[in-house]
Amino acid sequence: VQLQAFGGGLVQAGGSLRLSCVVSGGTFSRFGMGWFRQAPGKEREFVAAISWSGDNTYYPDSVKSRITISKDNAKNTAYLQMNSLKPDDTAVYYCAATFGDYRIRRQYDYWGQGTQVTVSS
């Protein structure tokens, strides 16, 4: 199973970005998908997750109103729509896939390489 994340870049505070994660080598429709981020000197943080069916999502309170996760099983792709971006959102963003509970970090077995998001003030 391979995951490739892309769509990061430099954006001004208040702007938006949509990240994509293309999955190959597995049955995408059976995967729960998650997005994580890691800023320099900080631990990897759970950002959003979606169940294999797409019917259920999870967001930590810190991003809940600004971030939306989705998945398109026909395109083997998961998305992370980020709005009202802040400089604190600057990090490398990783997508991950799981056959287990999408809400539990340690259940993720497959990881992408990460895409850099930089938010300028």
Face-on cation placement of Arg37 at Tyr94 ring, 6.0 Å and 45° thresholds | no
Could you go through the side-chain hydrogen bond (donor to acceptor under 3.5 Å, both in side chains) check for Asp72 and Thr77 one step at a time?
-> CA-CA 5 Å; Asp72 186 336; Thr77 303; over 6 Å; no
Determine the minimum heavy-atom distance between Val11 and Gly15, stating which atoms define it.
-> CG2-CA, 3.9 Å
Taking all non-hydrogen atoms of both residues, which atom of Leu10 and which atom of Ser120 are closest, and how far apart?
-> CD1-CB, 4.3 Å
Heavy-atom pair of closest approach, residues Tyr102 and Asn56 = OH-CB, 3.1 Å
Mind checking whether Gln38 and Glu43 have side chains closer than 4.5 Å, heavy atoms only?
-> no
Given side-chain contact (heavy atoms from CB on, under 4.5 Å), test Gln4 with Ser20 step by step and report yes or no.
-> CA-CA 8 Å; Gln4 184 173 4; Ser20 301; over 6 Å; no
So, Lys64 and Asp61, do they make that salt bridge, N to O below 4.0 Å?
-> yes
Determine, stepwise, if the pair Val23 / Met33 fulfils side-chain contact (heavy atoms from CB on, under 4.5 Å).
-> CA-CA 10 Å; Val23 180; Met33 297 295 298; 3.8 Å; yes
Ignoring hydrogens and geometry, is there a side-chain-to-backbone donor-acceptor pair from Gln12 to Ser121 under 3.5 Å?
-> no
Closest non-hydrogen contact found for Ser16 with Asn83 is OG-OD1, 3.0 Å
Tell me yes or no: between the side chains of Asp109 and Gln107, is some donor less than 3.5 Å from an acceptor?
-> no
Which atoms form the tightest heavy-atom contact between Thr98 and Gly100, and what is the distance?
-> OG1-N, 2.7 Å
Is it true that Tyr59 and Val117 fall in one hydrophobic cluster, defined by side-chain heavy atoms closer than 4.5 Å?
-> yes
Inspect the surroundings of CD in Gln116 and state if more than 12 heavy atoms from other residues, nucleotides or ligands are less than 6.0 Å away.
-> yes
Distance col, row Lys71:NZ vs Cys21:SG, nearest 0.5 angstrom, shows 10.5 Å
Atom pair CD/CH2 of Glu45 and Trp35 - distance to nearest 0.5 Å | 14.5 Å
Does Val22 offer a backbone N or O that forms a donor-acceptor pair with the side chain of Lys75 under 3.5 Å?
-> no
How far does CZ of Arg66 sit from OG of Ser84, to the nearest 0.5 angstrom?
-> 7.0 Å
Please answer whether the main-chain N or O of Val119 pairs with a side-chain N or O of Thr90 as donor and acceptor at a distance below 3.5 Å.
-> yes
Report yes if some heavy atom in the side chain of Leu19 is under 4.5 Å from a heavy atom in the side chain of Thr115; otherwise report no.
-> yes
Would you check if the distance from the ring center of Phe46 to the ring center of Tyr58 is below 6.0 Å?
-> yes
Same apolar cluster (I L V M F W Y, side chains within < 4.5 Å links), Phe99/Trp52 = no
Sidechain N-carboxylate O distance under 4.0 Å for Asp101, Arg103 | yes
Do the rings of Trp111 and Phe36 sit parallel, tilted or perpendicular, given the 30° and 60° boundaries?
-> tilted
Leu17 vs Gln81 side-chain heavy atoms within contact, under 4.5 Å | no
Could you state whether Tyr108 and Leu3 fall into the same hydrophobic cluster, counting links through intermediate Ile, Leu, Val, Met, Phe, Trp or Tyr residues with side-chain heavy atoms under 4.5 angstrom apart?
-> no
Heavy-atom nearest pair, Leu80 first then Ile67, reads CD1-CG2, 3.3 Å
Kindly compute the distance separating CZ (Arg44) from OH (Tyr93), expressed to the nearest 0.5 Å.
-> 13.0 Å
Determine whether the side chains of Tyr79 and Arg18 contain a donor N or O and an acceptor N or O closer than 3.5 Å.
-> no
SG of Cys95 to CZ of Phe31, rounded to nearest 0.5 Å, is 11.0 Å
First locate atom CD1 of Ile69, then atom CD1 of Ile50, and finally report the distance between them rounded to the nearest 0.5 Å.
-> 5.5 Å
Any donor and acceptor pair, going by atom type alone, linking the side chain of Thr27 with main-chain N or O of Ser29 inside 3.5 Å?
-> no
